[in-house]
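Accompanying notes for the structure given below.
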Amino acid sequence: MILANYLASAALFCIGLYAVLARRNMIKMVMGLSLMEGSTYLFMISLSYRAGSTAPVLLNPPPGQSTRTLAHGNVADPVLQNFCLTAVVIGVAVTAVFLSVVVRIAQHYRTLDSDRVREMRG
Amino acid sequence: MTPADGGARPEAAEREPLHRPRLGAAIVIGMAVAMTVAVAGIPREHSPLPAVARYALAIALPNWRLTEPVNEIVYGTRGFDTFGETFLLLAAVVSVIVITRSREPRRGYFGEETAAGRERSESDPAGPGDATEDAARRAERREQGDRPAVDQVAPRDRDQAALGAPAPETADAMTVVVRTAIRVVLPILAVAGLYLVAWGYAPGGGFPGGAVIMGVVLLVYAGFGRRRIGRAVRPALLEGIETAGAAAIIATGLLGLLLRGSFSANWLPLAAPQTILSGGIVQLFSASELAEVGTGLTIAVFALLAMRHDWTPDEPGGRAGHASGPAGQPSGPADEPGGHADERAGPAGDPRDAAGSARPGRPADRSRP
């Protein structure tokens, strides 16, 4: 029942969103953003699942199937795997950007509390 | 890092305003409802593959001689998408480098006070700070006075150094067991990362390969410390490799446009399936992506690790300096973790200040420019 995976990824996304909206500590906000990223990976991989299918590799097909039948379906969706593959790497780099901004803010304002960063207000 | 709401500070006892959790909960509940409704209507495990996936699976073997459709999609069918992702990664790495680099020494007259002094005084008016700020500052100074940090007091001679002060050699944080294990596993992991890229007809490709290479570098860093890895992880070298990878990706795409009439079309001869060269430009693209991703992630992580404690020093009057102080003062290393700038601003300075700047053994991982 793949719907459970979808709902789990939606729940993860909402937890991450709540962390971004309700936390004041900026490290926790970045953690929330990473959680939202992770929920999209789970979602895309779940979306690519097909019942009774095999991996999208046209090599040594499982017994009872030929390369030709594999190519015509009955494998996991390779396009979504592609999205996930690139998104993981981009996610690491973007998290590095967030964290370096947080470190600079902490050094400048000497706080990690976003409520105390007064010049961002208004 | 100063914890914003650490333990016994008086601010921590303040009642937390409730508007954030309330507003956050309202938005999140709305989002949850919307996502549940949306998720109920999307394709499940029994629906047929979308047309783009079936197209990619159908042309992988005949058109690209590749037995691995995911690689074929990443670098072939959806090559333009990957092209964009590559430069998104490059942009992220450039932003990390720009944000994390330390301040340059002042080389000339900029006139920032003349140009922006009025705006600055409006956003941060001079004068006595408010009561809470003064209290916080007093507490910070008292804390520093109470317990001088171990590594900030220079001993009269090295044999009298306090326990806990930095030792003459950099810490080998890991035991010999871990270091030996890393030595054994390192070549295997490095070869595995390159294997993922070289055998393009099996699952793998430049993105996972680059991530494995970054893992190798991080393992060396964790096991042997910054000084050992510093010889290989030089920004100039890594940035050169990364730019070369990006340039190779652009060249691969443009040659397709010139020779075959469409961007990122295959212009290399296709070898037989299940050989290293099967796939034409897919392999070239993938290898360039390995250079780009492996060095890019390494640069980003090491830039973050090497960030200096670039605190804005306090103004002489005790107010937190936002813009006026930092570069104007001839204070030497601006990498003190705060609190001392008050004393340092005065020309006389107290002995602790002098000790601070003439301190002998800085940990190696902070002093990298």
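Proteins come first, then strands; the chains are lettered A, B, ... in the order of their sequence lines, and each starts at number 1.
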Could you look at B:Ala25 and say if it's the side chain, the backbone, both or neither that has a heavy atom under 4.5 Å from chain A? both

Taking every heavy-atom pair that is under 4.5 Å apart, which of A:Ser100, A:Ala55, A:Ala19 has the most such pairs with chain B? A:Ser100

Distance check, rounded to the nearest 0.5 Å: B:Leu23 atom CG versus B:Leu18 atom CG? 12.0 Å

By a 4.5 Å heavy-atom criterion (distance strictly below it), what part of A:Val20 contacts chain B: side chain, backbone, both, or neither? neither

Measure A:Leu85 against the heavy atoms of chain B and call it side chain, backbone, both or neither at under 4.5 Å. both

State whether the number of non-hydrogen atoms from other residues, nucleotides or ligands found under 6.0 Å of A:Arg23 atom CZ is greater than 12. no

Most contacts with chain B, counted as non-hydrogen pairs under 4.5 angstrom, among A:Val88, A:Leu17, A:Leu7: A:Leu17

For the candidates B:Met214, B:Met31, B:Arg22, which exhibits the highest count of non-hydrogen atom pairs separated by less than 4.5 Å from chain A? B:Met31

If you look at every heavy atom in A:Asp113 and A:Asp115, which pair is closest and at what distance? OD1-N, 2.9 Å

Might you confirm whether atom OH of B:Tyr55 has over 12 heavy atoms from other residues, nucleotides or ligands at distances under 6.0 Å? no

Measure B:Ser47 against the heavy atoms of chain A and call it side chain, backbone, both or neither at under 4.5 Å. both

Closest non-hydrogen atoms of A:Ala76 and B:Leu49, given as atom of the first, atom of the second and distance, are C-CD2, 4.4 Å

With rounding to the nearest 0.5 angstrom, report the CD1 to CE distance, A:Ile15 to A:Met36. 12.0 Å

Determine whether the side chains of B:Glu85 and A:Thr86 contain a donor N or O and an acceptor N or O closer than 3.5 Å. yes

Between B:Pro43 and A:Tyr6, the two heavy atoms sitting closest are O-OH, 2.8 Å

Considering only heavy atoms, which portion of B:Pro273 lies under 4.5 Å from any heavy atom of chain A: side chain, backbone, both, or neither? neither

Need one label for B:Arg78: side chain, backbone, both or neither, based on atoms under 4.5 Å from any heavy atom in chain A. side chain

Part of residues 64-72 of chain B lying next to chain A, heavy-atom separation under 4.5 Å: B:Leu66, B:Thr67, B:Glu68, B:Pro69, B:Val70

Measure B:Leu304 against the heavy atoms of chain A and call it side chain, backbone, both or neither at under 4.5 Å. side chain

Any side-chain heavy atom of A:Val94 within less than 4.5 Å of one from A:Leu33? no

Residue part contacting chain A, namely of B:Val39, when any heavy atom lies under 4.5 Å: both

Where do B:Thr295 and B:Glu292 come nearest, in terms of heavy atoms and distance? OG1-O, 3.4 Å

Minimum heavy-atom distance B:Val293-B:Gly206, with the two atoms named: CB-O, 4.3 Å

Per-residue tally against chain A (heavy atom, under 4.5 Å) across B:Leu61, B:Leu297, B:Val28 peaks at B:Val28

Could you tell me which portion of B:Ala32 (side chain, backbone, both or neither) has an atom closer than 4.5 angstrom to a non-hydrogen atom of chain A? both

Within-4.5 Å side-chain heavy-atom neighbours: B:Ile299 and B:Val96: no

Residue A:Phe83 versus chain B: region with a heavy atom under 4.5 Å: side chain

Looking at A:Leu21, A:Leu99, A:Asn82, which has the largest count of heavy-atom pairs under 4.5 Å with chain B? A:Asn82

Might you point out which heavy atoms bring B:Thr100 and A:Arg104 nearest each other, and give the distance in Å? O-NH2, 3.0 Å

